[in-house]
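Input: a single structure, listed below in structure tokens.
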Amino acid sequence: MDFVVLLHIFVFAPILFCITFLSLPLPSPTYFLAWKSQLSQPVADLVLRNGVIYTSDDSLPFADSMAVANGRVLCVGNRSFVQEFEGYGTQVLDLRGKVVVPGFIDSHVHFIDGGLQMMQVKLRGVNKKEEFIRRIKDAAQSTKQGSWILGGGWNNDLWGGDLPAASWINDVTPNNPVWLSRVDGHMGLANSVALTLAGITNLTDDPRGGTILRTANGEPTGVLIDSARTLVTSQIPEDSVDDRREALHRASNLALTRGVTTVVDMGRYYPGFSTELSWDDFSDVYQWANSMSKMKIRVCLFFSMETWSRLVGVINRVGHALSEWIYIGGVKAFADGSLGSNSALLYEPYVDDPDNYGLQVTELEALLNMTTESDLNGLQVAIHAIGDKANDLILDMYGLVASTNGMRDRRFRIEHAQQLAAGTPGRFGKQRVVASMQPDQLLDDADSTSKKLGKDRAEKESYLFRSLLNNNALVAFGSDWPVVDINPLSGIKTAMKRRPPNWQSAWIPSECISLDDAIKAYTISAARASFLDKDLGSLSPGKLADFVILSTDSWKDFAEDASANVEETYVSGVRAYP
């Protein structure tokens, strides 16, 4: 076991355990053992020992043992102290030196969407036009005539950058409408059958906040960006309640295999889409699963900011938590689109599209009014912003709202915070705005960002983890699943190494962060970012006992190479995976 870890465990753990757990004045060492023995104490349901337990709690970063009772952490410390809580019926688990970390919190997912996509055509990782077409052809052969073929995850950067077109797949889908979402969720491809159903022709105007891509002759190519997507998606039959419940089941099982015990679900609301989808999932899926005791992981739910008053009504009736499984988060809105779709809002134009500065997908005055009212009514606000100009616009607006509504602990969030202009990281820290970021997205973006922004701008602005932390910003990590895979261990490695596939060195190495910072971004910082830190985020006495046992038995090796696998996942002290 590493020396620094041993030092924490055997020198500091006994003292800090007593201060933290017992919340009593510390007696002189001479009388400590006698004083302790006079106290009544509960019996643990589960005791973990002989491990490297990383707590995400700075008052006691490491311990070798932990006791759990009634689903919560009873105590952490060294073995001689924790074994005092063993009794009749206590299960004792010998970790054999393995590393344990708090259950990971994915700070940004679209959980039901991700579960639904698990049942659709999978296009993630496809790097050739021919393979793209083959997968759609195979799906068409097994799909009833007239039924929709749905899929997602394609990334045109993987096959050189050319956007797909309806002409690619028209010949293999003559009798089926097709809709295929790009990996970023801000662009999609429709075939000609779907375009006809949607009534999209060369005479169709671009909707507000969206774009219909066209050929030089003005004909729609089949690619629709942001709110233009709803022209087609509104024609797709709604997913059944049973399908959405199955999506939750599939998504939860996947999350547990990755050590994720809590997700912040931003719902199925996107620019131009119905605000009702997330509310339908709340009632049909989440409340149902909660009432039927079918929840497997914890969720914190966000809803469209357009429905803020409705959410205030729910909180007034039930509070901020339906149970230990379902928390009410707040409201979300969009400032811009995505970099991959050339719709992130920028100060300077795209290098590969010189007349394009991106899209402001929500009118600023409306966004300000909704944010002001949401905040005034005590709701947490999260706004999607990717481009450098979009991030500054939202920080400006947050400052104005805070000044108008007065001081309070509001924890405004910016989702993605991907491209930041000079000086912007300092504003996050100064204004106490949460940067909710997705490390694994840089693996896809490293090559394409330089093409879209130019090398200099890309390397000054992109995924500035270290700069944000140096400016005392609260950084929370997630995946944006299904945009990228839900996999915190991969995200941790990416944040530490910043090495995209086939790269020999890091992309912007000055922005690499430590293992400690990366884990905290998926645990205690993620919990604070959603007001969940009273119950979650660290292995501290009194908190819910969500934790993950990793494959590695060396913290030193883990900190150097960032390589480990999830062996077991526990929720409320009960093994949930495998």
Derivation of the side-chain hydrogen bond (donor to acceptor under 3.5 Å, both in side chains) call for Ser467 and Glu511
CA-CA 7 Å; Ser467 294; Glu511 293 298 329; 2.6 Å; yes
Is there a side-chain hydrogen bond (donor to acceptor under 3.5 Å, both in side chains) between Asp226 and Ser343? Walk through the geometry before answering.
CA-CA 8 Å; Asp226 285 312; Ser343 56; 3.0 Å; yes
Report the C-alpha distance between Thr424 and Asn391 in whole Å, list the side-chain angles of each, state the deciding distance to 0.1 Å, and finish with yes or no for side-chain hydrogen bond (donor to acceptor under 3.5 Å, both in side chains).
CA-CA 8 Å; Thr424 301; Asn391 275 277; over 6 Å; no
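Between the side chains of Gln419 and Ser462, at least one donor N or O lies within less than 3.5 Å of an accepting N or O. Between the side chains of Arg182 and Asn155, at least one donor N or O lies within less than 3.5 Å of an accepting N or O. With no hydrogens or angles considered, a side-chain donor-acceptor pair links Lys493 and Ser563 at under 3.5 Å. In this model, a donor atom of one side chain and an acceptor atom of the other lie less than 3.5 Å apart for Ser341 and Ser338.
Ser530 places no side-chain N or O within donor-acceptor distance of the main-chain N or O of Leu532, the cut-off being under 3.5 Å. Here the side chain of Asp336 pairs a donor or acceptor atom with the backbone of Ile386 at under 3.5 angstrom. Proximity of a side-chain donor or acceptor of Gln431 to a complementary backbone N or O of Leu395 within less than 3.5 Å is detected. Under a 3.5 Å cut-off, the side chain of Asn356 and the backbone N or O of Gly358 do form a donor-acceptor pair. Judged purely by atom type and a 3.5 angstrom limit, Arg229 has no side-chain atom pairing as donor or acceptor with the backbone of Ile225. Distance alone, capped at 3.5 Å, places no donor-acceptor pair between the Ser252 side chain and the Ile297 backbone. Asn191 contributes no side-chain N or O that, together with a main-chain N or O of Pro177, makes up a donor-acceptor pair within less than 3.5 Å. A side-chain donor-acceptor contact under 3.5 Å links Thr230 to the backbone of Ser227. Judged purely by atom type and a 3.5 angstrom limit, Arg498 uses its side chain to pair as donor or acceptor with the backbone of Trp507. Between the side chain of Thr204 and the backbone N or O of Thr201, at least one donor-acceptor pair lies under 3.5 Å.
Heavy-atom contacts from other residues, nucleotides or ligands closer than 6.0 Å to CZ of Arg208 number 12 or fewer. With a 6.0 Å radius and a threshold of 12 heavy atoms from other residues, nucleotides or ligands, Lys460 has its NZ atom at or below the threshold. Within a 6.0 Å sphere centred on CD of Glu219, heavy atoms belonging to other residues, nucleotides or ligands number more than 12.
By the 4.0 Å N-to-carboxylate-O rule, Arg466 lies close enough to Asp517 to be salt-bridged with it. Look at Glu276 and Arg310 and you find a salt bridge, because one of the NZ, NE, NH1 or NH2 atoms lies within 4.0 Å of a carboxylate O, short of that distance.
Annotation: side chain of Thr523 is in contact with side chain of Phe104 (closest heavy-atom distance under 4.5 Å). Using a 4.5 Å cut-off on side-chain heavy atoms (C-beta onward), Leu189 and Trp179 make no contact. In this structure the side chain of Asp265 never reaches within 4.5 angstrom of the side chain of Phe302, judged on heavy atoms. Here the side chains of Val381 and Trp308 are not in contact, with every heavy-atom distance at 4.5 Å or above. Side-chain contact between Tyr522 and Ile492 is present, with at least one heavy-atom pair separated by less than 4.5 Å. In this structure, Asp113 and Arg268 have side chains that are in contact, with non-hydrogen atoms separated by less than 4.5 Å. Residues Leu311 and Val331 are in side-chain contact: their nearest non-hydrogen atoms beyond the backbone lie under 4.5 Å apart. Inter-residue side-chain proximity for Val109 and Ser479 is flagged as met; some heavy-atom pair is nearer than 4.5 Å.
Test Thr261, Asp546, Thr262 against Arg298 for side-chain hydrogen bond (donor to acceptor under 3.5 Å, both in side chains) and you get one pass: Asp546. Here the options are Tyr269, Tyr270, Trp481, the test is ring pair (Phe, Tyr, Trp, His ring centres under 6.0 Å), and the partner is His110; only Tyr270 passes.
When all heavy atoms of Pro439 and Gly478 are compared, the pair lying nearest together is CD-O, 3.6 Å. Residue Ala385 comes nearest to Ile414 through the heavy atom pair CB-CG2, 3.9 Å, listed as atom of the first residue, atom of the second, then distance.
Sorted by first and then second residue, the salt bridge (charged side-chain N to carboxylate O under 4.0 Å, His left out) pairs with a member in residues 429-451 form an empty list; sequence neighbours excluded. Annotation: salt bridge (charged side-chain N to carboxylate O under 4.0 Å, His left out) contacts involving residues 392-419, sequence neighbours excluded, comprise Asp375-Arg408, Asp375-Arg410, Asp392-Arg427, Asp396-Arg427, Asp409-Arg411, Arg411-Asp533, Arg413-Glu415. Contacts classified as salt bridge (charged side-chain N to carboxylate O under 4.0 Å, His left out) and involving residues 347-372 (residues at least two apart or in different chains) are given here: Asp352-Lys452. Sorted by first and then second residue, the pairs that involve residues 467-492 and meet salt bridge (charged side-chain N to carboxylate O under 4.0 Å, His left out), not counting sequence neighbours, are Arg258-Asp485.
The salt bridge (Lys or Arg N to Asp or Glu O under 4.0 Å) check on Lys455 picks up Glu459, with sequence neighbours excluded. Every residue two or more places apart in sequence or in another chain that forms a salt bridge (Lys or Arg N to Asp or Glu O under 4.0 Å) with Asp284 is listed here: Arg244.
The side-chain tip of Arg124 does not point at the ring of Trp154 from less than 6.0 angstrom away and within 45° of straight on.
Annotation: His384 is in aromatic contact with His186 [ring centroid separation under 6.0 Å]. Between Phe477 and Phe465, the gap from one ring centroid to the other is short of 6.0 Å. Between Phe132 and Trp159, the distance separating the two ring centers is shorter than 6.0 angstrom.
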